[in-house]
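Written below as structure tokens is the structure these notes are about.
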Amino acid sequence: MSDKRKKRIFDIIQIGQKDDFISRAFDFFIVIAIVLNIAVLFLETFDAMAEYSHLLRSIELITIVIFLIEYVLRIWTSEYLYPDKSKSKAVLKFLVSFDGIVDLCTILPFFFLSGFVALRMLRVVRILHLFRINAYYDSINVIASVLNEKKNQLISSIFIILVLMMAASLCMYSAEHEVQPEVFNNAFSGIWWSTSTILTVGYGDIYPITILGRIMAIIISFLGVGAVAIPTGIISAGFVERYTLIQNQSKPRANTRGTVSVTVDEESPFVGWTVKAAEDKYRIDILVFIRDGAVIVPVDSTEILVGDVLVYQALG
């Protein structure tokens, strides 16, 4: 009975259980707590709200207690989030996961770090809780999957931009240092100029005044526009690929080559597993799945339910 109760609690606190009224109600409750907590974080910065400081502090305390209870429950039920691992390893994996770290950094500053200005900045981490509002039926997960798929290309494009920035910095320093040494007094000054120029911000606080420096600035500006467009094009292409895949897989029979569609029944080995656990256990890549007629882009913690249609590829 205890295991059933624990499993039920896990189902409730998991975000995105669309067919579970209690789970959906819990999702909305957590969303309200997150919004209130973030609102307090902003309102505390206004001098006019000083007279309401006790009220704001009380709201913050209540929401932090809610987050703390949720955090403890997630640790307690982590074995269902990672069913392929032992209890201790599942707890450890949750603690070092993105969600676990965000939850911890959200709670700690309230109780221990209020006296340290630098460490109080950890309170800003609470804003990351807002990602929970998106659940599993929105474009946030598409963005995350695209960034993950295109990470190698993005790293390469960022490397190109960094090389261009350093080259532009040294060139501008060489051209401008003798004329305005107080402005371009070292290579770092050139990096600041190249960053604002290549990224098309153009603050105007540092700029070349020599003919050679201005010619190089024109060339670097044009190169900067092209360099910044590289990661933009990569991400845009990734979105097109991902949404095309989702549309193609919205009907289970219309599979692309190399993909498999499976309807999960009560005897399926996938039932009750999370996407991450199923992928690791069976060496597959779950692309999308269909639940209640909705095409869902899965995340690692998405629980697979009876009736889901999984569309996946086998890994070599």
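When the side-chain contact (heavy atoms from CB on, under 4.5 Å) test is applied to Ser78, the partners found at least two apart in sequence or on another chain are Lys87, Ala90, Val91, Phe94. Judged as a side-chain contact (heavy atoms from CB on, under 4.5 Å), and not counting sequence neighbours, the contacts of Ile22 are Arg8, Ile12, Asp20. Taking the salt bridge (Lys or Arg N to Asp or Glu O under 4.0 Å) definition, one finds that Lys85 meets it with nothing, sequence neighbours left out.
Around NZ of Lys7, the count of heavy atoms belonging to other residues, nucleotides or ligands within 6.0 Å exceeds 12. By the neighbour-count criterion of 12 heavy atoms within 6.0 Å, atom CZ of Phe29 is sparsely surrounded, having that number or fewer from other residues, nucleotides or ligands.
A salt bridge is absent between Lys276 and Glu279; no separation between the charged side-chain nitrogens and carboxylate oxygens falls under 4.0 Å.
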Problem - Residues Ile198, Leu223; criterion side-chain contact (heavy atoms from CB on, under 4.5 Å); working and verdict - result: CA-CA 7 Å; Ile198 291 174; Leu223 293 176; over 6 Å; no
Problem - Test side-chain contact (heavy atoms from CB on, under 4.5 Å) applied to Ile30 and Phe26, step by step - result: CA-CA 6 Å; Ile30 289 295; Phe26 180 80; 3.6 Å; yes
Problem - side-chain contact (heavy atoms from CB on, under 4.5 Å) evaluation trace for Asp11 with Glu303 - result: CA-CA 8 Å; Asp11 292 337; Glu303 185 179 2; 2.9 Å; yes
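Grouping Ile, Leu, Val, Met, Phe, Trp and Tyr by side-chain contacts under 4.5 Å, direct or through others, puts Ile218 with Phe222. Grouped by direct or indirect side-chain proximity (heavy atoms under 4.5 Å, Ile/Leu/Val/Met/Phe/Trp/Tyr only), Val179 sits with Tyr207, Ile209.
Side-chain atoms of Lys6 and Tyr80, non-hydrogen and from C-beta on, do get closer than 4.5 Å to each other. In this structure, Asp308 and Phe270 have side chains that are not in contact, with every pair of non-hydrogen atoms separated by 4.5 Å or more.
Atom CH2 of Trp192 is separated from atom CE of Met165 by 10.0 Å, given to the nearest 0.5 angstrom. We find the OG-CZ distance between Ser169 and Phe184 to be 8.5 Å, quoted to the nearest 0.5 Å.
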Would you list the atom pairs, donor with acceptor, under 3.5 Å between side chains in residues 228-239 and any protein atom, with sequence neighbours excluded?
from	atom 1	to	atom 2	distance (Å)
Thr232	OG1	Val228	O	3.2
Ser236	OG	Thr232	O	2.8

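When all heavy atoms of Ser221 and Thr197 are compared, the pair lying nearest together is OG-CG2, 3.4 Å.
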